[in-house]
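Reading through the structure tokens given below for one structure.
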Amino acid sequence: MRITTWNINSVRLRMNLLEKFIQMTSPDVICLQETKAHDDVFPHELIKQLGYEFLAFSGQKSYNGVAILSKYPIEDVFSLEFYNEDKRHIAGKINGIEIHNFYIPAGGDEPDIEINPKFKHKLEYIKLVQEWFATNRNKTDKIVLVGDLNIAPHEHDVWSSKQLKKVVSHTPIERELLINLQNSFEFIDSGRHFTPMEEKLYSWWSYRGKEWDKSNRGRRLDHIWVSLPLKDNLKKIVSLREARGWERPSDHVPFTLDLK
DNA sequence: ATGGTTGGCGCCCAA
């Protein structure tokens, strides 16, 4: 089973890129974030024409929004709403595996919970996810957790750990909380399972600043984790860097896992 | 220390 996570930054604007990616990669399951489309305007007919008959989506106007596109039936679909009415999560069971698609809050600019409520909300959100899994799921369940988690947890998940240590997405508190969440459920980080810790691995390059390709100031914000029963099924991952150079790209690239 | 770009929507906000 081939599973992709991709923050597409407006699904309606980038249907042509989605089609291009599908032709290249043909995943069984595609999890999208930042669809930025209310359910009433989600392009479900077009996506079905691309070969994804089974869809689950939870969207809102302008912001957030997540979707699961699947070649196989999706059962037991539900969404967690940890903050306001934000559409940041959708889950469902495909071929006996429960897939959780998250769009964790970005957290604003200032990494200080006293003056920035968005940062506070981000940290709380991660703790709530951890509590939810501890309370509602077992480590023996077959689970895949994907999404734009908006945190680059390890040193070589960013172009300069030193220069980004006070930048939201790579502050010590966020890194610690995300690693705690991962360890608390013994999730396996597929990106680092296949890429040595000392090797750079990115999934996002900012729109700001010229020459993203040459300067290569990337971050690994997008992740696919699997629960312990799926560890031996891990086959390979691909972070599709070239997608950042496509015409009118998302600032995130598709990240794909193959499971035996 | 600062400013840089993009998308959605409505005349600015979030990333």
Side-chain angles (χ1 to χ4, degrees), chain A residues 5-21 31-44 46 57-67 81-89 101-113 115-126 146-153 157-160 162-171 174-175 178 202-223 240-255:
Chain A
T5 181
W6 190 11
N7 178 322
I8 198 165
N9 188 15
S10 173
V11 66
R12 288 176 292 175
L13 189 71
R14 276 183 251 286
M15 281 302 294
N16 59 330
L17 297 190
L18 181 62
E19 182 173 7
K20 179 176 179 162
F21 173 69
C31 295
L32 301 176
Q33 304 88 33
E34 277 207 271
T35 52
K36 291 185 174 177
H38 190 274
D39 292 349
D40 295 344
V41 295
F42 189 85
H44 50 91
L46 283 168
F57 45 91
S58 176
Q60 66 189 85
K61 195 177 169 183
S62 302
Y63 307 113
N64 311 318
V66 287
E81 288 178 11
F82 288 141
Y83 180 77
N84 295 339
E85 305 285 293
D86 279 10
K87 307 302 186 192
R88 295 182 176 277
H89 170 268
N101 178 11
F102 280 100
Y103 174 49
I104 289 184
D109 288 330
E110 197 59 56
D112 182 344
I113 59 169
I115 59 171
N116 176 11
K118 288 183 200 167
F119 191 67
K120 186 164 183 269
H121 162 214
K122 181 180 193 177
L123 303 186
E124 283 168 358
Y125 194 97
I126 298 159
V146 314
D148 176 4
L149 307 186
N150 264 317
I151 296 171
D157 293 337
V158 296
W159 61 277
S160 168
K162 198 172 171 181
Q163 283 177 259
L164 291 175
K165 69 182 182 193
K166 291 178 182 169
V167 174
V168 172
S169 74
H170 194 64
T171 63
E174 293 169 84
R175 296 170 65 184
L178 192 70
Y202 308 142
S203 66
W204 174 89
W205 291 260
S206 175
Y207 284 130
R208 305 175 198 185
K210 291 289 169 195
E211 299 193 296
W212 73 272
D213 194 8
K214 210 164 96 184
S215 62
N216 199 26
R217 294 183 168 189
R219 303 179 204 170
R220 186 171 72 111
L221 304 179
D222 302 273
H223 302 268
L240 192 67
R241 190 180 190 276
E242 69 173 81
R244 185 62 179 79
W246 291 348
E247 199 181 333
R248 293 198 83 181
S250 169
D251 44 356
H252 296 252
V253 300
F255 182 85

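Order of the sequence lines sets the chain letters (A, B, ...), proteins ahead of strands, with each chain counted from 1. These values consider heavy atoms only, across backbone and side chains, with no hydrogens, waters or symmetry-generated copies.
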Tested for side chain to side chain donor-acceptor pair (under 3.5 Å) against A:D157, the lone hit among A:H223, A:R220, A:R175, A:H170 is A:R220
Quickly work out the A:R248 CZ to B:dT6 P distance and round it to whole Å. 9 Å
Pairwise C1' distance for B:dG10 and B:dA14, with rounding to whole Å: 15 Å
Quick one: A:I8 CD1 to B:dG7 P, roughly how many Å, whole number? 12 Å
For the side chain of A:Q33 and the backbone of A:N7, is there at least one donor-acceptor N/O pair under 3.5 Å apart? yes
Quick test: give all pairs of protein nitrogen or oxygen and nucleotides 9-14 of chain B nitrogen or oxygen below 3.5 Å, distance rounded to 0.1 Å.
{"unit_1": "B:dG10", "atom_1": "OP1", "unit_2": "A:K61", "atom_2": "NZ", "d": "3.3"}

Smallest heavy-atom separation, A:R88 atom then A:I104 atom, equals NH1-C, 3.7 Å
Find the distance A:N7:CG to B:dT6:P and express it as a whole number of Å. 16 Å
Between atom CH2 in A:W246 and atom C1' in B:dT6, what is the gap in whole Å? 18 Å
Can you check nucleotides 1-3 of chain B for protein contacts, nitrogen or oxygen pairs under 3.5 Å, and list what you find?
none

Looking only at atom P, what distance separates B:dT6 and B:dT2, rounded to whole Å? 23 Å
Do you know the tightest heavy-atom contact between A:R12 and A:P43? CG-CD, 4.2 Å
Just how far, in rounded Å, is C1' of B:dA15 from NE2 of A:H170? 19 Å
Taking the six-membered ring for Trp, are A:H89 and A:F102 parallel (under 30°), tilted (30 to 60°) or perpendicular (over 60°)? tilted
Rounded interatomic separation in angstrom, taking CG from A:N9 and C1' from B:dT5: 11 Å
C1' atoms of B:dC11 and B:dG7, separation to the nearest Å: 15 Å
Check the side chains of A:R219 and A:S169 for a donor-acceptor pair under 3.5 angstrom, ignoring hydrogens and angles. yes
Sorted by position of nearest nucleotide on DNA chain B, 5' first, the leading residue of A:H252 and A:K210 is A:K210
Given the P atoms of B:dA15 and B:dA1, what is the spacing between them in whole Å? 24 Å
Is any side-chain heavy atom of A:R241 less than 4.5 Å from a side-chain heavy atom of A:N216? yes
Ignoring hydrogens and angles, state whether a donor on the side chain of A:N150 or A:Y125 is under 3.5 Å from an acceptor on the partner side chain. no
B:dT5 and B:dC9: how far apart are their P atoms, nearest whole angstrom? 23 Å
Give me the ring orientation class for A:F42 and A:F57: parallel if the planes are under 30° apart, tilted from 30 to 60°, perpendicular past 60°. parallel
